[in-house]
Each structure stands twice: as C-alpha cells, then as structure tokens.
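Here's the structure we're looking at; comments come further down.
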Amino acid sequence: MSIICDHVNYIYSRGTSDEIHALKDVCFKIEDGEFIGIIGATGSGKSTLIQHLNGLLKATSGHIYINGEDIYDSDYSLKKLRSRVGLVFQYPEHQLFEETVLKDVCFGPKNQGLTSTESQMRAYEALENVKMGEDCYDVSPFDLSGGQKRRVAIAGVLAMKPEVLILDEPTAGLDPEGREEILHLLKSLHDEQGITIILVSHSMEDMADYAERLLVMDKGSLIMNGSPREIFQNSAILEEIGLSVPQVTGVLREMRQKGFDVDISATTIEEAADSIMRALGL
Amino acid sequence: MIRDITIGQYYQTDSVLHRLDPRDKLAGTLIFIISLFVAKNVTSYAVATAFLIAVILLSKVPMSFILRGMKAVVIILLITVLFNLFLTPGITFVSFWKIRITYEGMKTAAYTAVRLTYLIIGSSLMTLTTTPNNLTDGLESLMKPLGVFRVPVHEIAMMMSIALRFIPILMEETDKIMKAQLSRGADFESGGLIKRSKALIPLLVPLFVSAFRRANDLAMAMEARCYHGGKGRTKMKPLVYRGSDYIAYAVIIMYFVLIVIAQRVGML
C-alpha cells in the first residue's frame, strides 16, 4: 500500500497564543512493503506526522494519498483506513482495558465487524506472532510484566491485519532483551508477511540495523530522505539537529582521521567489522 | 476536541491583572459575583458590564479565547433561559397552544442569561490570569483564619493544587488513549446512549489506571523530597501585597458601592 504525503502542513491550537507549526510542507512517498525509519529530536513533529497517516489528525493544508485515494475526500471511510494502517502509540500498554489478554486483543477485530470466532482466530494468530504463550490468554493484562504488556498491546493492533504498521518508539523503556524481541518481530512481519513498517525511534543503531530508508525530521520539516548509509554520512547535520550517527560509524570516522583506510559509510556492526579487518589487512 | 474547553485554563501573557496578587483576584471575583446578585436593574447591569469590559481589556486575554470557554456552557445557559421564559407567572405577552410567555418571564430570562454569562466570564477571567499555583497559594492564605477551627487549610490547598495540576495531564492522557483506541477501530461518536456509554469503557478503564499510577508516582516523589504536611512549611515565594494590589482593592470596593447606588437610584 503506497502512502503519499503532499505538502502537508499542520498547526496546533490555531489562533491562540500557543500556536505551533508542527508540520511544515512535508512531502514524501512510501512504497508498498518498505521498512521506513523516522528519526528526529524530541518535538520535531514525528508523532504528529504519523498521526496524520491514519487520519487521527487532519492536515491544516495539503493532502495524503493512500493507494492513490485522497483520505480527506468526504466519502473516504476513516474507520476503514484505520484498519488498514495500524498505529501503535508510545507506551501502547496504557491502552489495555479488558479483563483478559485475549479479550483485549479481540477489541480491534470486533470493531472491524468480525464475528467473535473470527476475532478470536485473529487474536490467537496475533498473540502467537508476538510470542505470547497460551497460558497468558486468560490472565488480566494488568498482571503482566512491562515487556509482556507491550507485546499484548502490539498484538491488539496486529490482530486487525493492517497492511501498514506504524510504531512510535515501540522499544522505549524496555530492557535489551525486550527491545530485541520487538525489533525481530517487526523484521519478521516485514520479511515474511510483507507488511509495510514505519518505525519511529531514537536509536540510530536500531535504524541502521533494520530500516531500509530513513526520513529525518527537524522542527516540523522533513530535511533528509534516503538510505541509512546516505543519511549517516551527514554526521554534522545530524548532530546539529540533536541526533547522532550509529556508534560504529562514529568509531570508523575517528579511525579514518587517525589514518586507517576504513569505509566510513558502514552503519552496522557487521559492516564495520568487515571494513576494519580489511583495513588492517587481516 | 478536548483542547477546546478553556474553563479553568491559564492564559500566558503579561498584564496588570496577571501581576496582581491572587488574594486580590479571589476577593475581587467573590465581590463581583455578589454584585451580580445585588444588581437587578438596567443601570446596575450597565455598571457591571462596564466593569467587566474594563477588566477584560486590562487582562489582555483575547475575547475569542474567553468566548470559546462559553461554548461548553451554552446548553446549560439555554435550558435556564427557556425555563425562565416559559415558566414564570405574570402578565401574558404572547400565548399559543399550552405555552405562555409573560413580561416577567422575558425579564427574568434576560437577566438570568446576562447574570450567568457574566458569572462565568468573571470567574474564568480569574483562572485565565492566575496560575494554578498562585491561585491555591491565595486560597490557602485567605483561608488561614479557618485553621483556628481545626480546618486542615494547607491540606485542602495542596489537594486543590494537585487536582488542578492533574486536569491538563488527564486531558492529554484522555486525548492519547482516545486516539489509541480510535486506531483500534473504536467508535465514540455513533450509536444510541447505551452503545455510546459502553464505548467509553475502553477509554475510562485505562484513564483510571493511569490516574492511579500517576497519583502513586507523585506521592512517592513528594515523600522522596521529605514532604510531611503543612506544619512548619515555608514558601519559596510568599505572597506580599504591593501598591497596585491596594489600588485594586480600592477599585473593586468602589465598584461594589457603585453597584449598590445604581441599584437604589437606577431605573427599571
């Protein structure tokens, strides 16, 4: 499912003293099946941007096309859009409300109008996807650990079978193991089921490892759009807007300055290791 | 949607009214409210109107912002006006079918509408120009004499300031949870009363859970900073009256005297 943002502007609290121009003339295109990363400092408009993509916020001006259809057309069903573009908010575990895990995951599919058996089938599948065992289906979601709650909440959106999955910092506040699990889950959803993933994150390492293309936001504008390799070449710009390059890229840059012939465009640990080995002639 | 409610909100700007001591504004608001109930004729209402307009201009809060807060109470206002209009006995002005509008009804309806509107604008001007912290400081200071009767003044003030502090947080939280549930296909807007109230469960349960979590965190943070109630607690910024505050007291008392005089000698 392709997504096109066409000169999107968004202004918060328009006409009051605390008016904020949160999105400025944002244009981009996302193709079917891509793994997109959105990076930017706090307050750069990332969260505002993703809320536009499933119609929760309406652009002050500009258009958004999903599969070529303008979502601001009066006969476009936002409810349908939301079941095709799944949005997982920051700390999604804060949205859990049902008595049991299974019931909570069924909430989305039921809202889509599926019967209760169908909803349960979807829920089983989604819970299996996020590696939640059968023993927890009848447990109250409030009795789970932080990482488990997060996975259940993500399952709640997955159960709606979205074609595009957008996640706002899904790994925030999780331990390293929990982070890895979530990121692996996203990768397998992308690789095996062909779901388009849009990931907002502050971890440059995660972005280098997983994203195919990065969108860089700064003060409401989209300032860069390209592969992680290309983006992380511009360490000066990134540092200026409060971001950084992956640690290994930083290390390689320092090595280059010290006279080693390494490839400073490497962004992942594997690439860096290869490049260093070659430079050392090993 | 939720952002539109401006009652109890603070409007950040710099004006004479913003700099005034909160005790002044609290007392002034109280006197203004009393004056609205004293006023019963056109002349006294004219005085109140002039005073209100002067205060609005002094506050530098844009009129559109104040009126936006009125939107939330327009229904209550309408119901009150209609009740007064149709149910006040007196000399008939027009009557059709079973409905009868009297001269007295029209008069009370008009006065009630004006009174309620002024009441809301007057009190929201106070909250618009006073930060919640200042407001509770003022309240605590004004209520201090009640401490003699073992009224836990500090605790009440603390509870108030925490409650006020939580309003915007909970609103934001509501907004967030609402969006999260909308993303999962929840529908808060269609269906009958029962369906709609049921649709609120996915919103209210997480909201309560988060309110308790936040309250717990806050209690912990307060204890970690050695909070142990009001005894022996001093203020970082104690309230001190300045020259302009005395002038404000004088103005508000003069205003009240004027209202009383207008009420006595005025027409209608």
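Each chain gets a letter, A, B and so on, in the order the sequences are listed, and its residues count up from 1.
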Contacts of residues 235-247 of chain B with chain A (heavy atom under 4.5 Å):
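Contacts with chain A: none.
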Tell me if the [atom1] atom of [X] is crowded by more than 12 foreign heavy atoms within 6.0 Å.
X: M121(A); atom1: CE; value: no
X: F208(B); atom1: CZ; value: no
X: Y118(B); atom1: OH; value: yes
X: E128(A); atom1: CD; value: no

Residues of [range] contacting chain B, heavy-atom criterion under 4.5 Å, by residue number:
range: residues 80-87 of chain A; value: R82(A), L87(A)
range: residues 38-47 of chain A; value: none
range: residues 93-107 of chain A; value: H94(A), Q95(A), L96(A), F97(A), D104(A), V105(A), F107(A)

Passes side chain to side chain contact (heavy atoms under 4.5 Å, CB included), L56(A) versus S183(B)? Steps please.
CA-CA 8 Å; L56(A) 283 175; S183(B) 299; 3.4 Å; yes
Counting only heavy atoms closer than 4.5 Å, note whether L57(A) contacts chain B via side chain, backbone, both or neither.
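L57(A) touches chain B through side-chain heavy atoms alone.
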Contact part of Q51(A) toward chain B, heavy-atom cut-off under 4.5 Å: side chain, backbone, both or neither?
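Only the side chain of Q51(A) comes within 4.5 Å of chain B.
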Between V205(B), T13(B), I177(B), L207(B), who has the most heavy-atom pairs with chain A when the cutoff is under 4.5 Å?
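Looking at each of V205(B), T13(B), I177(B), L207(B) in turn, V205(B) comes out on top.
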Hey, which of E173(B), R213(B), K176(B) has the most heavy atom pairs under 4.5 Å with chain A?
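That would be R213(B).
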CZ-CZ distance between F89(A) and R184(B), expressed to the nearest 0.5 angstrom:
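Taking CZ in F89(A) and CZ in R184(B), the distance rounds to 12.0 Å.
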